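Please read the structure below before turning to the comments.
Heavy atoms only: backbone and side chains are in, while hydrogens, waters and symmetry mates are out. Chain A is the first sequence line, chain B the second, and so forth, proteins listed ahead of strands; every chain is numbered from 1. The structure displayed is predicted, hence computed values, not measured ones.
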Amino acid sequence: MDPGSKEFRRDFVRSLVGADLESGKHARIVTRFPPEPNGYLHVGHAKSICLNFGIALETGGQCNMRFDDTNPEKESDEYVRSILEDVRWLGFEWGGGPYYASDYFETIFAAACELVEKGLAYVDEQTADEIRAARGTLTEAGSGSKWRERPASESLIRLDEMRAGALPDGACVLRARIDMASPNINLRDPSLLRIRRATHHRTGDQWCVYPMYDFAHPISDALEGITHSICTLEFEDHRPLYDWVVANVTLPSRPRQIEFARLELTHTILSKRKLLELVKEGHVAGWDDPRMPTLAGMRRRGVPPEALRDFCERVGVAKANSVVDMALLEHCVRENLNLEAPRYMGVLRPLKVVIENYPEDGEEWLPARNNPEDPSAGTREVPFARELWIERDDFRIEPGKKFWRLAVGREVRLRWAYFITCTRVEVDPATGEPVLVRCTYDPSTRGGDSPDGRKVKATLHWVSVRHAGTAEVRLYDRLFSDMSPGDDWRERLNADSLEVLQDCPVEPALAQIEKGARVQLERVGYFCVDARDSRVGRPALNRIVGLKGAATQT
RNA sequence: UGGGGUGUGGCCAAAUUGGUAAGGCACCUGACUCUGAAUCAGGGGAUUGUAGGUUCGAGUCCUACCACCCCAGCCA
């Protein structure tokens, strides 16, 4: 793609990148996706992944997969594995690597020495509390540490002791000497290195001094030749510090940081802390619960990665914090699945129908299109017999004006089969609910069309009682009833976010479907055959998303 | 309160050097239809945060104000 083209410059980040390419500032673009391996990836990360990998793909550059693993106490190998799996699932590949900030610890330490030698950093022996107290406030300047002016040689010795493990945790910290009176608090002599005796998931006990994000990130970027370091808005006022490091440390390149607004979605929460609480408190079944906005959850739910990528393209990239409507994600999923998902018939809440003029032990297999949107998907055969299951919602004892499905005296079509007319209904005297619907069929309408051209208003899905397989159906819905759950999200959990239906009759072909398959249950919605809980002959179907205005209305 | 950002229809989001508000989602209507889906065709909705100013003309320039977000970790 031509980076100068209007098509490429869809958003302000791509515009900046395109300009740098056109001006010749960079011959090749290198971006990076730098998660900290301390949690699972969610949709918000997907936006960043699509942006960074997308730009690399579109410009013929590269995007490095890099772990920002500078805080051993919170990070683990389990997270790096899940993150790599999620990125791969989303559909992206990285050339070299994956890279790790921890691979640069030696270089970062050398950079620390360089800064000290230049008089741009010093080892501060105040306690964390003292440092905090001296930092000042939003409106008052901070004051310099008594160690601020100590000779470089002295700091260098301390620095070596820090690295050698001669000093206890918290004994001192390396600080940049910038400006204690800066209105930007990030510039009031920020900490660069701290002592932490913790086993790192990759470097083990090799180090007891670890760099802070603000120190490690620009150096990591520069070492990898990153041209554009794209991050979220909250790092905007860290940019002066990022630039300070890049300018004052001897580095092979000068990356540029660009910030964009992170994604937020209605009806869910995306903060790592809240997601963790959701899991820990048992509101969901785990990180990959299909209701979770995590990539693992969405994958389990059955969201196609293509749909998720499409969604990320559609939300756009800008600097205004915004909350995207969940409906957009659902739209992307439907649009993808409408073309891709083979159709089957299955009944969620069964009601028995007897075709009284159909032979007692009669049976016939009728051809059905697998996907009306895609002729190449072919056809399959569906068994028809005298006793059928239909959806309870498709029958009404007292049909309203707007209800045009089955009722006594009404004629409807059974998908791919026959026209049937309801003659009477048997009702449970206790509840008043219909328990059996009696109908007659018109043999001349075999296949679903009437030779005399008469029309029916409704087409119902159905399953032969005798031939039915059974499935467990999990109806997933939005995790929160409220558009923006906020901090009292616990009170806004959607009590109906999961409804499990056992023994739902499904057509034989569906009972045999392979795990992981995504299908459409006609007139009901899109489902994914759960990879974990399905058994041969008894699939567990996760609802990905319902059909628009599904068959459960008046 | 200091600093850094952002404010365009319900939700996102465009708008070359100021020239008289794209598009998508959502919603509504009609057509079509063997999925009340899809598809197709229409439609409603914006005094572009507010108030002034410059200009023949401002979302775009100037001034003031308001609202919201981020920052005082030895987290990222």
Side-chain angles (χ1 to χ4, degrees), chain A residues 6 10-11 34-36 38 68-71 73-75 124 126-129 131-133 135-142 169-175 182-188 190-196 210 212-214 216-217 231-240 259 261 263 266 272 311 314-332 334-335 338-339 343 345 368-369 372-373 402-405 412-417 419 445 447-449 455-461 483 520-525 546-554:
Chain A
K6 193 171 181 184
R10 283 171 301 181
D11 54 70
E36 181 189 12
N38 71 341
D68 220 335
D69 54 350
T70 57
N71 185 0
E73 291 172 312
K74 293 186 176 171
E75 299 152 3
D124 193 338
Q126 294 182 108
T127 63
D129 284 342
I131 289 179
R132 187 182 316 117
R135 185 147 30 227
T137 67
L138 293 179
T139 51
E140 306 160 69
D169 286 14
C172 57
V173 74
L174 180 76
R175 289 230 262 168
S182 173
N184 181 345
I185 293 179
N186 295 298
L187 262 25
R188 318 241 264 230
S191 299
L192 266 23
L193 292 177
R194 78 286 207 175
I195 306 172
R196 188 112 323 163
Y210 293 93
M212 301 290 290
Y213 165 87
D214 285 313
H217 210 83
C231 63
T232 42
L233 253 28
E234 67 269 28
F235 292 103
E236 214 154 9
D237 31 323
H238 289 239
R239 194 187 341 145
E259 313 84 11
L263 171 71
T266 62
K272 262 184 193 174
F311 171 72
R314 293 205 203 201
V315 297
V317 178
K319 294 192 70 162
N321 339 42
S322 55
V323 185
V324 175
D325 197 330
M326 183 69 87
L328 178 59
L329 211 206
E330 295 170 345
H331 168 81
C332 293
R334 288 191 192 101
E335 188 174 76
N338 178 45
L339 266 24
R343 268 119 247 231
M345 291 196 285
R369 308 257 306 271
E373 302 288 329
K402 301 270 284 179
F403 181 87
W404 15 285
R405 283 165 277 162
V412 300
R413 169 171 39 234
L414 292 179
R415 183 92 159 143
W416 310 121
F419 283 14
T445 57
D449 283 305
K455 302 286 185 192
V456 286
K457 186 73 173 142
T459 298
L460 310 187
H461 59 280
M483 227 177 90
Q520 182 195 102
L521 246 38
E522 293 213 67
R523 305 208 308 133
V524 177
L547 246 33
K548 250 178 116 177
T552 44
Q553 21 186 276
T554 29

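- Summarising the geometry, the separation between CG on D69(A) and C1' on A76(B) is reported as 12 Å, rounded to the nearest angstrom.
- The interatomic distance linking M212(A) (CE) with A72(B) (P) rounds to 11 Å, in whole Å.
- Judged by closest nucleotide on RNA chain B, L339(A) is the one of L339(A) and N321(A) placed further toward the 5' end.
- When the side-chain nitrogen and oxygen atoms of T127(A) are compared with OP1 and OP2 of C74(B), none of them lie within a distance under 4.0 Å.
- H461(A) has no side-chain polar atom (N or O) that falls below the 4.0 Å cut-off from OP1 or OP2 of U35(B).
- Put simply, T137(A) has no side-chain N or O that comes within less than 4.0 Å of OP1 or OP2 on G2(B).
- Following rounding to the nearest Å, N186(A) (CG) and C71(B) (P) show an atom-to-atom distance of 10 Å.
- Between R523(A) and G36(B), a side-chain N or O to OP1/OP2 separation shorter than 4.0 Å is present.
- The C1' atoms of A14(B) and A31(B) are separated by 31 Å, rounded to the nearest whole Å.
- Side-chain proximity of L138(A) to A76(B), U1(B), A37(B): nearest is U1(B).
- Between the P atoms of A41(B) and U47(B), the separation comes to 29 Å (whole Å).
- Rounding to whole angstrom units, CD of residue E259(A) and C1' of G5(B) are separated by 9 Å.
- Atom P of nucleotide U33(B) and atom NZ of K455(A) are separated by 6 Å, given to the nearest angstrom.
- Atom CG of L192(A) is separated from atom P of C75(B) by 13 Å (rounded to the nearest Å).
- One C1' atom belongs to G59(B), the other to G19(B), and the distance between them is 13 Å to the nearest Å.
- One distance of note links CZ of R415(A) with CZ of R369(A); it measures 8.5 Å at 0.5 Å rounding.
- A gap of 16 Å separates the C1' atoms of C70(B) and C75(B), to the nearest Å.
- With rounding to whole Å, E75(A) atom CD is found 9 Å from A76(B) atom C1'.
- With its glycosidic angle within 90° of 0, G73(B) adopts the syn conformation.
- Of the C1' atoms belonging to C11(B) and G45(B), the separation is 14 Å, rounded to the nearest Å.
- Listed pair R314(A) / A26(B) fails the phosphate criterion, with no side-chain N or O lying under 4.0 Å from OP1 or OP2.
- Distance check on atom P: C27(B) versus U63(B) gives 43 Å, rounded to whole Å.
- For the pair R239(A) and E259(A), the salt-bridge criterion is met [side-chain N within less than 4.0 Å of a carboxylate O].
- Counting to the nearest Å, the C1' atom of G10(B) and the CE atom of M483(A) are 8 Å from each other.
- Contact check, R196(A) against C75(B): a side-chain N or O comes under 4.0 Å of OP1 or OP2.
- Interatomic distance, I185(A) CD1 to R135(A) CZ, rounded to the nearest 0.5 Å: 8.0 Å.
- The phosphate of C27(B) has OP1 or OP2 within less than 4.0 Å of a side-chain N or O from K548(A).
- For R343(A), no side-chain nitrogen or oxygen approaches OP1 or OP2 of A38(B) to under 4.0 Å.
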- [ ] In sequence, state the C-alpha distance, the side-chain angles, and the governing distance for E73(A) and R196(A), and then conclude on salt bridge (Lys or Arg N to Asp or Glu O under 4.0 Å).
- [x] CA-CA 9 Å; E73(A) 291 172 312; R196(A) 188 112 323 163; 3.7 Å; yes
